[in-house]
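None of these values were measured; they are calculated from a predicted model. Counting starts at 1 for both ligands and their atoms, following the listed order.
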Amino acid sequence: MSQNTEPREQWASRLGFILAAMGSAVGLGNIWRFSYVTGENGGAAFLIIYLLCILLIGIPIIMAEFTIGRKAQSDTVGAFTKLAPGTPWVLAGILGVASAFIILSFYGVVAGWTMRYFLGYLTGQLWSAPEGGYADFFVGFISSPVQPILWQFIFMALTIGIVFVGVKNGIEKTNKILMPLLAIILIILAGYSLTLGGAAEGLAFLFTPDWSAFAEPGVYLAALGQAFFSLSLGMGALITYGSYLSSKEKLPGAAGSVAVLDTLFAIIAGIMIFPAVFAFGIDPASGAGLAFITLPDIFAQMGLGGFFGLLFFFLLAAAALSSAVSLLEVAVAYFIRKFDWTRKKASIIVGFIIFLVGVPSSLGIGPLSNITIVGGRDILDSMDFIASNIFLPLGGLIIALFVGWGWKKTEVLEASDFGSSGLGQVWLFILRFVAPIAILIIFISSIRQW
Ligand code: TRP
């Protein structure tokens with residue numbers, strides 16, 4: 001007997017789908033992760049490789065995911081078993097569900113930090129630098145054993161709540177309002193940051209490449225991982241979102257606008273953060289705390305800084321929420337179909353397990369900081385590295401190969417809305433050769449990093 005009688009959902013509108021995909025893409029990846037990964041990998045050279053990864057690998061794979069999802073009308077594992085029954089392509093789907101657990105586990109921890117900062121601005125505590133400065137405050141907070149886990153829990157509860165309510169009413173509605181607001185405030189902050197006195201150095205760091213960085217294999221892997229992470233790619237989030245789409249929509253335009261918007265958000269965030277990094281004499285390579293330390297410094301300098309801080313961390317937490325929702329949705333959609341659970345049951349159980357998986361990431365910064373997993377990284381960074389730099393590109397590789405080689409050409413072109421246009425040929429060529437070879441070369445050349 002089946003306990004789940006709910007029909008599969010659909011987006012209310014094409015715009016709702018595009019906004020939800022944008023909401024998935026734009027998140028902590030654009031501000032927190034982009035700034036510190038760019039800082040650690042030398043700035044402009046990294047940025048160039050990152051942009052190439054988006055153009056040559058990212059956008060074609062977004063299209064591949066949308067196409068698979070809409071055609072199959074199923075979750076990321078179900079999509080492959082439906083389109084190519086009994087073949088190993090389903091590995092991409094399984095990797096995807098695993099990545100959802102790993103990424104959301106640490107994503108929830110960092111998103112919890114943003115909520116803590118929001119509270120700090122709400123009460124006025126963070127309006128001016130605490131004893132010892134914002135850096136000390138940040139480190140003290142994230143390395144304490146209990147507090148960050150409570151915030152992670154609150155954030156995960158909100159994420160579960162939205163997924164629990166469902167695709168149309170939960171995800172689609174929130175994104176429509178918050179995304180434009182976040183864009184506006186980011187632009188205001190970037191403009192202000194440019195007046196702080198570090199503008200010349202900050203912009204040079206971001207836009208004038210140090211050519212020697214191009215010889216570093218690690219920079220390519222970091223850029224590839226960042227491209228996948230920021231575009232929500234390689235784990236079936238966009239397959240899942242595409243599966244709630246009816247077939248009258250046009251996919252290529254949607255894929256292009258998601259990529260462009262996501263990239264703009266990241267670059268503007270860079271223009272916001274790096275001038276401030278230099279103005280306040282912070283090392284751009286100082287790691288995962290970069291945004292959490294520089295931004296409060298910016299706010300403390302600004303007129304109405306407390307208000308801007310409040311608004312900013314609210315919007316960042318909201319952007320993180322719409323991204324987290326897409327991560328949880330990947331796993332929840334799978335459990336609903338596979339085990340015939342209701343949406344409510346699946347969101348609570350899966351969400352809670354992911355919360356538990358994330359607890360060690362939080363503890364790994366303080367009480368468990370002697371534990372390192374990959375190449376000296378703490379638990380959180382190791383989870384991020386394994387998922388973003390290995391699982392996502394690997395998932396993307398399989399997805400590209402599946403659409404390029406595993407699916408009949410005329411069918412793919414029709415399912416993608418490219419039809420017989422020249423662009424469709426270019427797309428397939430990239431999926432067949434360019435993207436897979438690029439991903440493999442980057443993997444092989446950086447293997448010593450692991
Ligand atoms: N792209 C989001 C960000 O930049 C994070 C995210 C959401 C994600 N869904 C994803 C990353 C799927 C990888 C895969 O914050």
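For W32, the heavy-atom gap to ligand 1 stays at 4.0 angstrom or more.
Look at R70 and E65 and you find no salt bridge, because none of the NZ, NE, NH1 or NH2 atoms lies under 4.0 Å from a carboxylate O. Salt bridge present: R33 and D384 bring a charged side-chain N and a carboxylate O closer than 4.0 Å.
Checked against the 6.0 Å centroid threshold, Y121 and F307 do not count as a close aromatic pair.
Counting only heavy atoms of the protein, atom 2 (C) of ligand 1 lies nearest to S24 O, 3.1 Å. Scanning the protein for heavy atoms near atom 4 (O) of ligand 1, the closest one is A25 O, 2.9 Å. Considering only non-hydrogen protein atoms, atom 7 (C) of ligand 1 sits nearest to S232 OG, 3.3 Å. For atom 15 (O) of ligand 1, the closest heavy atom belonging to the protein is Y107 OH, 2.5 Å.
Residue D262 does not touch ligand 1, judged by heavy-atom distances below 4.0 Å. Counting heavy atoms under 4.0 Å from ligand 1, residue I103 touches it through the side chain alone.
Taking every heavy atom of L28 and a limit of under 4.0 angstrom, the matching atoms of ligand 1 come to 15 (O). Under a 4.0 Å criterion applied to the non-hydrogen atoms of S326, ligand 1 contributes the atoms 7 (C), 9 (N). For ligand 1, the atoms sitting less than 4.0 Å from at least one non-hydrogen atom of L392 are 13 (C), numbered in the order shown with element in parentheses. Numbered from 1 in the order shown, with element, the atoms of ligand 1 that lie under 4.0 Å from a heavy atom of S230 read 1 (N), 4 (O). Below 4.0 Å from some heavy atom of G29 lie the following atoms of ligand 1, by number and element: 3 (C), 4 (O), 15 (O). Within ligand 1, the atoms closer than 4.0 Å to a non-hydrogen atom of M235 are 12 (C), 14 (C), numbered from 1 in the order shown.
Listed for the E216 side chain is no donor-acceptor partner under 3.5 Å among the backbone atoms of G42. Between the side chain of S143 and the backbone N or O of G366, no donor-acceptor pair lies under 3.5 Å. At distances below 3.5 Å, not a single donor-acceptor pair connects side-chain atoms of S230 with backbone N or O atoms of A227.
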Residues T38, F274; criterion side chain to side chain contact (heavy atoms under 4.5 Å, CB included); working and verdict: CA-CA 10 Å; T38 304; F274 288 106; 4.1 Å; yes
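Side chains of Q73 and R8: a donor-acceptor N/O pair is absent below 3.5 angstrom, by distance only.
Considering both main-chain and side-chain atoms, F229 comes within under 3.5 Å of ligand 1 through a nitrogen or oxygen pair.
In terms of heavy atoms, L186 sits closest to I31 at CD1-CD1, 4.0 Å.
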